[in-house]
Amino acid sequence: MTTTLAFIGLGHMGAPMAANLVKAGHRVIGHDLVPEALDGAVRSGVEAAASAVEAVTDADVVLTMLPAGRHVLDLYESILPAARPGTLFVDCSTIDVADARTVHERAVAAGMRALDAPVSGGVVGAEAATLTFMAGGGEGEFAEARPLLEVMGKKAVHCGGAGAGQAAKICNNMILGISMIAVSEAFVLAESLGLSHQALYDVASTASGQCWALSVNCPVPGPVPTSPANRDYRPGFAASLMAKDLGLAANAVREGGVQAELGLRAAELYAAYAERVGAGEDFSGIVRTIREQSGEHA
Ligand code: NAD
C-alpha cells in the first residue's frame, strides 16, 4: 500500500532511508533544517516541505532521524499539534531511553501513536537497506510500521514497550564497546609478550575469546582483511558514535543504579578517545591509544 510519509532529519542516515522509501513507491514529504540536506533528498525523489509542520500535516506516518533526544523532544512539541489524530510517529534516532519514554508519552497525550525504532548498520546499511531496527512500543504500532522498516532494513525486532528499542540498542553497544576495549588490550598485551597478532587471532577467534570485535572488526591489521584496521581505521562505526551510545548507556546505568563498572569505564575511555579523533576514525582505532599509553608506562 502506498502511504504518505513525513521524513524529518535527512542527514547521513535519514537521506538514504528516505530514498529507499521513495524507491518502494511511497510518497515521502521531507524536511531538514540544512538546505543542502533537503536538496540532496529531493534529488532522490523526496518532496520538499518548507517546515516540519508542513511535512506532517498530510502524513499517515511521521519518521524522524535526528541527532539527539533534545532535538526529538523540541521537534515533537511543534509537530504533534499539526498532525492528524492517530498518526503513527516512528523515531529512528538514537536517544536516551528516558527521552524516548517521554517522547512516547507526549505523542500519546496528543492523540498520536508512537514507536521508537533506532537502527544499527550505519550509513552503508542505510544506503543498502540492510539496517536492523530495534523497536519499542505497542504490538499494533510495530505491525503497522514493520513493512516500512523492512523497506529500509533487513530485520526489525520488536523489543517491548516504549523505549525498549533504545534500551536494546544501548545494551548491545555497551557489550560492543567493552568487548572492543578487551580485544584491543589483549592485542597490546600480546605485543608486549612477543605473541604475534595472527597467533592470538587464530587461537581466540576459535576459542572462548571469540566475539564480533575480534572476528569481524579486528582492531589490528592482518587477521581480518576487511576490518577497518586495514584501511587506516576509516569507519566503519565512527568513534564519536560509539562514544555517544556509551554515554547514553552510562546515563541509563546511573539512573537505574546498575553496578556496571566496565560500561561506565568504557564510556569514559571512548569519550576521551573520540574527543581526539572525532567521526573520522573507526572505534577499533582505540587500540592505538591503548598502545601509545602502554608505551608511556613501559
Ligand atoms: P546527521 O547529523 O547526519 O543527520 C541529522 C540531521 O537532522 C541533520 O541533517 C540535521 O540538520 C537534521 N535536523 C536536526 N534537527 C532538526 C529539526 N528540528 N528539523 C529538521 N531537521 C533537523 O546524523 P546521522 O548520522 O544521520 O544520525 C542520525 C541519528 O542516527 C543519530 O541519532 C545517530 O546516533 C543515529 N545513528 C547513526 C549512525 C551512523 O552511522 N551515522 C548509525 C546508527 C545510528
Side-chain angles (χ1 to χ4, degrees), residues 6-20 28-42 44 46 48-56 59 62-80 82-83 89-97 99-100 103 116-135 149 152-156 163 165-166 168-170 172-174 176-177 217 228 234-249 251 270 274 278-284:
F7 205 119
I8 300 161
L10 298 161
H12 290 96
M13 296 292 289
M17 290 164 72
N20 284 326
V28 182
I29 306 171
H31 180 68
D32 196 290
L33 295 177
V34 174
E36 293 76 27
L38 186 55
D39 291 347
V42 166
S44 50
V46 171
S51 68
V53 164
E54 185 185 308
V56 305
V62 175
L63 296 121
T64 42
M65 195 50 166
L66 301 172
R70 66 179 190 283
H71 302 101
V72 182
L73 287 164
D74 285 354
L75 178 75
Y76 270 42
E77 211 160 290
S78 62
I79 61 177
L80 284 173
F89 280 70
V90 180
D91 180 37
C92 299
S93 327
T94 304
I95 69 174
D96 259 311
V97 178
D99 285 344
V103 161
D116 52 290
V119 304
S120 70
V123 175
V124 172
E127 286 167 353
T130 55
L131 295 170
T132 294
F133 287 87
M134 295 147 267
L149 304 182
M152 298 182 284
K154 64 171 174 8
K155 191 172 170 190
Q166 301 292 348
K169 162 118 187 164
I170 60 169
N172 178 72
N173 282 5
M174 192 171 90
L176 179 58
N217 218 71
R234 265 182 289 115
F237 184 40
S240 54
L241 288 172
M242 176 50 89
K244 172 191 167 174
D245 291 356
L246 286 172
L248 298 177
N251 291 344
Y270 266 104
E281 187 162 310
D282 187 76
F283 80 117
S284 58

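Source: prediction; values computed, not measured. Counting starts at 1 for both ligands and their atoms, following the listed order. These numbers come from the heavy atoms of this one structure, side chains and all, not from hydrogens, waters or symmetry mates.
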Option from Val123, Asp245, Asn217 for which side chain to side chain contact (heavy atoms under 4.5 Å, CB included) with Phe237 holds
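Between Phe237 and the candidates, side chain to side chain contact (heavy atoms under 4.5 Å, CB included) is satisfied uniquely by Asp245.
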Among Val42, Val28, Leu38, Asp39, exactly one meets side chain to side chain contact (heavy atoms under 4.5 Å, CB included) together with Leu10. Which residue is that?
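Single side chain to side chain contact (heavy atoms under 4.5 Å, CB included) partner of Leu10 among Val42, Val28, Leu38, Asp39: Leu38.
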Distance-minimising heavy-atom pair for [X] and [Y]:
{"X": "Pro228", "Y": "Gly236", "result": "CG-CA, 4.5 Å"}
{"X": "Val56", "Y": "Ile79", "result": "CG2-O, 3.8 Å"}
{"X": "Phe133", "Y": "Ala117", "result": "CD2-O, 3.5 Å"}

Just the distances, no angles: every ligand 1 N or O to protein N or O pair closer than 3.5 Å, one line each.
unit_1, atom_1, unit_2, atom_2, d
ligand 1, 3 (O), His12, N, 2.9
ligand 1, 3 (O), His12, ND1, 2.7
ligand 1, 9 (O), Asp32, OD1, 3.2
ligand 1, 9 (O), Asp32, OD2, 2.7
ligand 1, 11 (O), Asp32, OD1, 2.6
ligand 1, 21 (N), Leu33, N, 3.4
ligand 1, 26 (O), His12, N, 3.3
ligand 1, 26 (O), Met13, N, 2.9
ligand 1, 32 (O), Leu66, O, 2.9
ligand 1, 32 (O), Pro67, O, 3.1
ligand 1, 32 (O), Thr94, N, 3.0
ligand 1, 32 (O), Lys244, NZ, 2.9
ligand 1, 34 (O), Lys244, NZ, 2.8

Under 30°, 30 to 60°, or over 60°: which ring-plane class applies to Phe283 and Tyr270, parallel, tilted or perpendicular?
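Judged by the thresholds at 30° and 60°, the geometry between Phe283 and Tyr270 is tilted.
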